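Note sheet for the following structure.
None of the values given here were measured: they were computed from a predicted structure. Atoms within each ligand, like the ligands themselves, are counted from 1 in listed order.
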Amino acid sequence: MAKKIVTIVGARPQFIKAAAVSRELIKAGIEEKIIHTGQHFDDNMSKVFFDEMEIPKPHYNLDIHSLSHGAMTGRMIEEIEKILLIEKPDYLIVYGDTNSTLAGALAAQKLQIPIAHVEAGLRSFNMKMPEETNRILTDRISNLLFCPTDNAIENLKNEGFDNFTCKVIRTGDVMQDAAIFYDKMSYEKSLIINQLNLSHSNFVLCTLHRQENTDDINRLQNIIEALNILSEKYTIVLPLHPRTRNIIAKNNIKLKFKPIDPVGYFDMIQLIKNSKFIITDSGGLQKEAFFFKKFCITTRDETEWVELVKNGFNVVVGANKDKILHEANQLINKTADFDVDLYGNGKASKRIVSVLQESY
Ligand code: UDP
């Protein structure tokens, strides 16, 4: 039985995923030491999640951010290695596909510490995305691959993982665990709907931060133009990622509506639940739209969450202004039965912790 875990987090979606798993680790009496790499460091991108979601305070904060991909990953490996040598955990847990994920996995692998990868097996098949490299390499050196979907299992099979000495396990998605757990709490604590003077279903919730959109000005301009046109008809609520905000300002791109600062998870749940529909390039938000029975338009050229598209809950439109507007129009009277179990219905973290208990 694993008695001691070191967990690596660094970016916003990882705080949300770790919140769900940490709670189960505590219940199981497994000691957890959290390393926050510092990749996301603004209070509204980091601290707010630890406070609201009552995630145990990180034992180590590496404060590594605002560097190029290589420099950031390299410095993280160096610092994480030092801590692993002190802590000597039975397992290292890493989440998703960021530089923090890969750095943690590489540091552990070199020390022969077993790695558990939560959100294993996802693929966009777009090697231009830094996340795709991070997830492929992390999967390859992980010992326990916790897959959120059937499709993720399929992806690993296709890459020959049946022949490797690792365990591939379909657990469901820990983000659904978090959505279910914090739903009621967010209703009690969040004031955002009143603060922004929003009423039920009169607004469209958007996020825009993925490198393929922010670093390509053409794509960014197309998406913003579509949002500007939509803002004539709907209120647009856009909690703007700091990187996107800087690029928009630098390039003098005009918004016809006022974006808001990034919000905490409780506010986000309330925004999702009260929105008309969602336009996003976020991985997590595509699923959260589904968890809370909202349609989603995805401003990317592909998605890892293909089951949402297959079931008609999500359309992938790239950065094409006309397509975004066309799909937004299609959604006006669209209905669907969202009561399908695609992500395990809130039991993923329990499953992960029980496998960890059996695995050492
Ligand atoms: N999120 C949030 N506040 C915001 C924007 C996003 O709490 O202002 C949450 C969102 O609900 C989801 C997670 O952050 O749970 C997604 O993170 P992000 O879009 O940064 O990363 P991705 O999922 O694309 O990796």
Side-chain angles (χ1 to χ4, degrees), residues 9-21 39-53 55 65 94-102 118-119 122-124 126 129-132 134-135 138 148 173-183 185-186 189-190 192 195-196 203-214 223 236-245 259-275 278-292 294 296 298-300 302-305 308 314 316 343 348:
V9 292
R12 178 167 64 186
Q14 292 167 334
F15 310 141
I16 294 164
K17 293 165 197 170
V21 177
Q39 200 174 334
H40 282 166
F41 56 93
D42 292 327
D43 278 0
N44 60 13
M45 296 288 288
S46 173
K47 184 171 181 300
V48 64
F49 296 94
F50 285 85
D51 293 350
E52 278 184 353
M53 303 175 86
I55 306 166
H65 52 79
V94 289
Y95 291 91
D97 53 26
T98 68
N99 291 338
S100 306
T101 314
L102 178 62
V118 177
E119 220 179 64
L122 294 187
R123 297 292 182 264
S124 67
N126 175 357
M129 286 175 73
E131 294 92 340
E132 186 75 353
N134 291 340
R135 46 171 97 102
T138 302
D173 183 23
V174 295
M175 277 196 127
Q176 188 164 32
D177 303 8
I180 292 170
F181 186 86
Y182 293 103
D183 182 6
M185 224 181 277
S186 78
K189 302 254 170 82
S190 168
I192 191 110
Q195 276 167 350
L196 296 181
F203 66 93
V204 177
L205 175 64
C206 311
T207 70
L208 177 52
H209 77 289
R210 203 156 283 283
Q211 197 170 317
E212 74 215 44
N213 286 330
T214 57
I223 296 169
I236 302 289
V237 177
L238 173 64
L240 204 50
H241 194 286
R243 188 180 60 235
T244 319
R245 186 179 284 278
I260 60 172
D261 285 333
V263 297
Y265 187 60
F266 289 177
D267 284 348
M268 199 63 186
I269 292 182
Q270 289 307 308
L271 287 172
I272 297 166
K273 290 183 77 167
N274 286 286
S275 67
I278 287 165
I279 302 179
T280 189
D281 58 8
S282 156
L285 193 49
Q286 291 175 56
K287 287 174 294 164
E288 288 165 337
F290 164 75
F291 301 155
F292 295 111
K294 299 289 172 180
C296 183
T298 298
T299 48
R300 290 182 46 199
E302 68 281 309
T303 179
E304 297 79 10
W305 306 104
L308 293 174
N314 189 351
V316 175
Y343 298 105

Under 3.5 Å, is there a donor on one side chain and an acceptor on the other for S124 and E132? yes
For atom 13 (C) of ligand 1, what is the nearest protein heavy atom, given as residue, atom name and distance? I16 CD1, 3.8 Å
Do I272 and ligand 1 have an N or O pair less than 3.5 Å apart? no
Using only heavy-atom distances, determine whether the side chains of D281 and N213 contain a donor-acceptor pair under 3.5 Å. yes
Identity and distance of the protein heavy atom lying nearest atom 4 (C) of ligand 1: R12 NH1, 3.2 Å
Protein heavy atom at shortest distance from atom 24 (O) of ligand 1: R210 NH2, 2.4 Å
Specify the protein heavy atom at minimum distance from atom 21 (O) of ligand 1: its residue, its atom name, and the distance to 0.1 Å. P13 CG, 3.4 Å
NZ/NE/NH1/NH2 to OD/OE distance under 4.0 Å, K189 and E52: no
R300 and E131 ion-paired at < 4.0 Å: no
Between S46 and D43 (side chain of the first, backbone of the second, donor and acceptor by atom type, cut-off under 3.5 Å), is there such a pair? no
How close do F203 and V237 get, counting heavy atoms only, and between which atoms? CD1-CG2, 3.6 Å
Distance-only polar pair, side chains of T207 and T280, donor-acceptor under 3.5 Å: yes
Assess, by modelled atom type and distance only, whether the side chains of T98 and Q14 contain a donor and an acceptor separated by less than 3.5 Å. yes
Where on P239 is there a heavy atom closer than 4.0 Å to ligand 1, on the side chain, on the backbone, on both, or on neither? side chain
Among all protein heavy atoms in this structure, tell me which lies nearest to atom 16 (C) of ligand 1, with the distance rounded to 0.1 Å. S282 OG, 3.7 Å
Only heavy atoms of P262, strictly under 4.0 Å: list the atoms of ligand 1 that pass. 8 (O)
For ligand 1, which atoms sit closer than 4.0 Å to a heavy atom of G283? 22 (P), 23 (O), 24 (O)
Specify the protein heavy atom at minimum distance from atom 23 (O) of ligand 1: its residue, its atom name, and the distance to 0.1 Å. G284 N, 2.7 Å
How far is atom 2 (C) of ligand 1 from its nearest protein heavy atom, and which residue and atom is that? V263 O, 3.5 Å
Out of F15, F49, F266, who is nearest to atom 7 (O) of ligand 1 when you count heavy atoms only? F49
Can you find a non-hydrogen atom of M175 under 4.0 Å from ligand 1? yes
Flag for T101-N134: side-chain donor and acceptor within less than 3.5 Å: no
To check your reading of the model: name the closest protein heavy atom to atom 10 (C) of ligand 1, its residue, and the distance in Å. E288 OE1, 3.2 Å
